[in-house]
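Chain A is the first sequence line, chain B the second, and so forth, proteins listed ahead of strands; every chain is numbered from 1.
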Amino acid sequence: MLTLSQIRENSSFVIERLKVKNFDAKPIVDAITGLDKKQREIKTEAESLQAEMNKISKEIGILFKQGKQTEANEAKEKTSELKDQIKNLSADSEKLQNDIFALLVQIPNIPHESVPEGKSDADNLEIRAFGALPKLPETALPHWDLASKYNVIDFELGNKLTGAGFPVYKGKGARLQRALINFFLDENQKAGYTEYLPPLMVNEDSGFGTGQLPDKEGQMYHVTADNYYLIPTAEVPVTNIFRDVILSEKDFPVKCTAYTPCFRREAGSYGKDVRGLNRLHQFDKVEIVQIRKPEESYDALEEMVKHVESILKKLNLPYRILKLCGGDISFTSALTYDFEVFSAAQKRWLEVSSVSNFEAYQSNRLKLRYKDTETKKSVLAHTLNGSSLALPRIVAALLENNQTDKGIRIPEVLVDYTGFEYID
RNA sequence: GGAGAAAUGGCAGAGUGGUCGAAUGCGGCGGUCUUGAAAACCGUUGUGCGGCAACGCACCGGGGGUUCGAAUCCCUCUUUCUCCGCCA
């Protein structure tokens with residue numbers, strides 16, 4: 001969430017910039033400004049009364065020590081009215097704070113100045129594209145047909161075990177998953193990322209820290225008996241490692257990577273988009289997370305983009321990079337690049353990575369700060385994350401683009417990991 | 001799951017109702033001394049909120065309560081440790 005001081009000091013800037021996200025912030029910002037002013041007045045009053053109360057209490061203590069019982073008891077009587085006043089004022093102040101907070105979390109992150117205007121994904125800006133689009137013969141099959149032809153992914157079986165969107169990978173299909181995971185993790189490690197293997201369920205505090213709660217509650221599977229949430233991405237546990245943490249400057253840059261399965265309810269997604277591997281309830285993903293000083297975060301974002309790009313190049317998949325427009329960028333992000341690979345038999349682009357700078361938006365929720373050695377102040381750090389990469393759509397593109405008469409050709413970089421050159 | 005013990009500042013560890021935001025030691029930072037370093041000595045060293053500031057308020061695992069006053073007493077939750085049971 002934005003900080004209160006951002007709104008206090010730059011309310012018109014906040015309102016103006018959020019128009020790019022097609023968000024009318026004025027009513028909320030105005031409401032917050034009013035409540036904030038009132039809250040501070042009340043709090044100041046409550047605190048000065050509390051100061052008086054503390055003073056009297058101290059005096060009573062001294063009187064008792066001196067054996068002046070009568071004076072002490074007289075002083076006691078003065079406190080009861082004060083006590084009531086403080087109680088009422090504190091309650092008011094707390095209520096106002098809660099109201100402000102409830103409004104604050106409704107405001108999306110301010111988009112970076114380079115974010116293009118736009119209504120939907122149709123208005124995203126293509127930054128660059130790489131690789132020729134493969135031309136497949138008319139007989140080419142979409143990946144769901146290839147999956148059953150070569151017996152590597154069983155959607156029906158997953159349906160039996162759990163439900164739609166939970167495929168079962170088998171034989172070389174399972175092996176390919178493991179190969180991709182290891183390949184991605186190795187690439188990330190070479191690029192300086194520390195590997196983590198986090199829990200797959202998180203508590204409410206973690207869900208709030210990265211912004212899934214309270215807004216996107218319906219997107220996560222909720223384990224109600226223990227009030228845990230299945231993670232929709234490794235971003236949640238990994239970024240929350242740094243919740244309530246004050247880093248020192250020597251800790252930077254913080255670069256983490258993690259493989260996890262991801263669980264998403266995807267409520268409201270139907271139709272052809274969900275065919276095969278295109279959209280699943282459980283899928284594997286390798287994530288990268290960085291925590292940076294504010295002045296370095298946009299360099300870090302570019303670095304992450306280049307890194308994800310290098311992996312796609314090694315897999316020899318045709319891809320394009322989009323800068324998301326105001327209408328398509330997420331609630332919490334300031335700037336996002338999407339990576340899409342071309343799935344040749346479906347003849348469509350599939351999103352395989354989304355690399356974002358959240359600036360201080362998550363940090364403010366997480367209370368993730370660092371100590372500035374110059375000013376000795378705590379400053380909110382910037383958080384960034386991206387996929388490197390999401391498996392299913394990579395697999396879909398690999399199956400479709402690499403289909404040959406001899407079977408599915410495995411990219412050279414993966415052969416050491418799979419132990420075979422063809423799925424046949 | 002049963003029984004018991006505990007949770008205090010970066011770490012260790014005092015503190016059972018009143019100048020305790022918290023002794024002491026270690027660590028960190030600054031300084032004196034030194035050619036330099038070590039040692040020694042002196043000083044300093046938590047976070048958040050409000051305020052231009054002086055300063056004030058809050059925080060001793062979380063939440064609630066008793067009291068004029070709570071690190072200290074009560075309730076509750078969580079976590080850790082020891083013993084027993086069960087178990088991959």
A:E94 has an atom CD; how far is it from atom C1' of B:G50, in whole Å? 16 Å
In whole angstrom, give the distance that lies between atom CD of A:E52 and atom C1' of B:C68. 13 Å
Taking atom C1' of B:G69 as reference, at what distance in whole Å does atom CZ of A:F64 sit? 10 Å
Taking CD from A:E45 and C1' from B:G51, how many angstroms apart are they, rounded to a whole number? 16 Å
Residue met sooner reading RNA chain B from 5', once A:L4 and A:G61 are mapped to nucleotides: A:G61
Pairing partner of B:G9 (Watson-Crick or G-U wobble, both distances under 3.5 Å): none
Under a 3.5 Å cutoff, is there a donor and acceptor pairing between the side chains of A:H222 and A:T224? no
Spacing of the P atoms in B:C20 and B:C68 (rounded, Å): 22 Å
Select one nucleotide: of B:A58, B:G56, B:G50, the one nearest the side-chain heavy atoms of A:R40. B:G50
Is it the case that the side chains of A:H382 and A:E359 hold a donor-acceptor pair, with the cut-off being a distance below 3.5 Å and no angle test? no
So what does A:S57 touch, heavy atoms closer than 4.0 Å: a base, only the sugar-phosphate, or nothing? base
If you check every side-chain atom of A:N54, which of B:A58, B:G69, B:G51 has the closest atom? B:A58
Complementary nucleotide of B:U67, counting Watson-Crick and G-U pairs under 3.5 Å: none
C1' gap between B:C87 and B:G10, integer Å: 38 Å
With no hydrogens and no angle check, just 3.5 Å: does a side-chain donor-acceptor pair link A:N227 and A:E204? yes
Of all the choices, B:G50, B:C68, B:G48, which nucleotide is nearest to the side chain of A:T44 once you look at every atom? B:G50
What I want to check is whether an N or O donor and acceptor connect the side chain of A:E47 with the base of B:G56 at under 3.5 Å. yes
Can you tell me how far C1' of B:A58 sits from CD of A:Q39, to the nearest Å? 13 Å
Which whole-number value in Å describes the distance from A:E9 CD to B:C52 P? 12 Å
Watson-Crick or G-U wobble mate for B:U19, both contacts under 3.5 Å: none
I'd like the C1' distance from B:G27 over to B:G9, given in whole Å. 13 Å
With both distances under 3.5 angstrom, what nucleotide forms a Watson-Crick or G-U wobble pair with B:A40? B:U32
Taking atom C1' in both B:U16 and B:C84, what distance in whole Å separates the two? 32 Å
Among side-chain atoms of A:T44 and A:E47, is any donor-acceptor pair under 3.5 angstrom? no
Who does B:C87 pair with, Watson-Crick or G-U, both distances under 3.5 Å? none
Return whichever of A:K55 or A:Q97 has its heavy-atom-nearest nucleotide of RNA chain B closer to the 5' end. A:Q97
Provide, to the nearest angstrom, the distance between the CG atom belonging to A:L82 and the P atom belonging to B:U67. 16 Å
Between A:K58 and B:C68, is there a side-chain N or O to OP1/OP2 distance below 4.0 Å? no
Separation of atom CG in A:D84 from atom P in B:C68, rounded to whole Å: 12 Å
Check ion pair A:R8-A:D36 (N to O, under 4.0 angstrom): yes
Between B:C49, B:G50, B:C68, which nucleotide has the shortest distance from any of its atoms to the side chain of A:K43? B:C49
Span that lies between the C1' atom of B:A23 and that of B:G15, in whole angstrom: 8 Å
Between B:A12 and B:G62, how many Å separate the two C1' atoms, rounded to a whole number? 24 Å
Is B:C81 paired to anything, Watson-Crick or G-U wobble with both distances less than 3.5 Å, and if yes, which nucleotide? B:G4
May I ask you to check whether over 12 heavy atoms, not counting those of A:K170, lie within 6.0 Å of atom NZ? yes
Quantified in whole Å, what is the P atom distance between nucleotide B:G51 and nucleotide B:C41? 45 Å
Given the ring of A:Y150, does A:K172 sit roughly above its face, with NZ or CZ under 6.0 Å from the centre of the six-membered ring and within 45° of the axis? no
Taking a pair as Watson-Crick or G-U wobble with both distances under 3.5 Å, which nucleotide is matched to B:C57? B:G48
Checking contacts here: which listed nucleotide (B:G48, B:C57, B:C68) is nearest the side-chain heavy atoms of A:S378? B:G48
Residue pair A:K21 / A:N109: nearest heavy atoms and the distance that separates them: NZ-O, 2.9 Å
Name the closest nucleotide to the A:M53 side chain, picking from B:C68, B:C49, B:G56. B:C68
Within the 4.0 Å heavy-atom criterion, would you say A:I56 contacts the bases, only the backbone, or no part of the nucleic acid? nothing
Respond yes when some side-chain nitrogen or oxygen of A:R8 is under 4.0 Å from OP1 or OP2 of B:G50, and no when none is. yes
Using the C1' atom as the point on both nucleotides, what is the distance between B:G13 and B:U8, in whole Å? 9 Å
